[in-house]
Amino acid sequence: MKSLERILPIFVFVVMLSANLLNMPDNHWQSIIMAVILAAFAGLIVFGLIRFLWWWVQR
């Protein structure tokens, strides 16, 4: 579970960031920062869900 906790959020971050950057209509620095923030937010959500699942299983 610890490897899943490390690998899956990074995978989600990379996939979301690449998708956001590829589908960006313009290359302004604000758009790039927003793409990174949205990808990081998605990675944090996945990390939190994995932690919650691990806590739920340990109970």
Side-chain angles (χ1 to χ4, degrees):
M1 195 67 149
K2 288 292 183 184
S3 65
L4 182 68
E5 187 177 303
R6 270 186 240 120
I7 299 297
L8 192 59
I10 293 171
F11 178 73
V12 168
F13 175 76
V14 169
V15 169
M16 289 280 299
L17 182 61
S18 62
N20 288 341
L21 291 177
L22 286 174
N23 294 320
M24 211 170 26
D26 51 355
N27 287 334
H28 293 298
W29 62 272
Q30 293 101 343
S31 300
I32 295 171
I33 290 174
M34 194 60 162
V36 171
I37 289 172
L38 289 174
F41 187 67
L44 284 174
I45 289 174
V46 170
F47 178 76
L49 288 173
I50 292 170
R51 294 288 291 203
F52 177 71
L53 177 65
W54 185 244
W55 171 79
W56 190 270
V57 168
Q58 293 295 322
R59 284 188 335 133

If hydrophobic residues (ILVMFWY) are linked whenever their side-chain heavy atoms come closer than 4.5 Å, directly or via other members, who joins Phe47 in its cluster? none
So, using side-chain contact (heavy atoms from CB on, under 4.5 Å) as the criterion, who are the partners of Trp29 when residues are at least two apart? Ile33
Flag, side chain of Ser31 to backbone of Asn27, donor-acceptor distance under 3.5 Å: no
Linking I/L/V/M/F/W/Y whenever any side-chain heavy atoms sit under 4.5 Å apart, do Phe13 and Ile32 land together? yes
Linked, directly or transitively: Val12 and Leu17 (ILVMFWY side chains, under 4.5 Å): no
For the atom pair CD (Glu5) and CG (Leu53), what is the distance rounded to the nearest 0.5 Å? 10.5 Å
When hydrophobic residues are tied together by side-chain contacts of less than 4.5 Å, even through go-betweens, does Phe41 share a cluster with Leu49? yes
Side chains of Asn20 and Met34 in contact at under 4.5 Å (non-hydrogen atoms): no
Which distance, rounded to the nearest 0.5 Å, do you find between the CD1 of Ile10 and the CD1 of Ile7? 5.5 Å
Can Leu44 be reached from Leu4 by stepping across I, L, V, M, F, W or Y side chains whose heavy atoms are under 4.5 Å apart? no
Applying a strict under-4.5 Å side-chain criterion to I, L, V, M, F, W and Y, I'd like to know whether Val36 and Val14 cluster together. yes
Is NZ or CZ of Arg59 both nearer than 6.0 Å to the six-membered ring centre of Trp56 and within 45° of the ring axis? yes
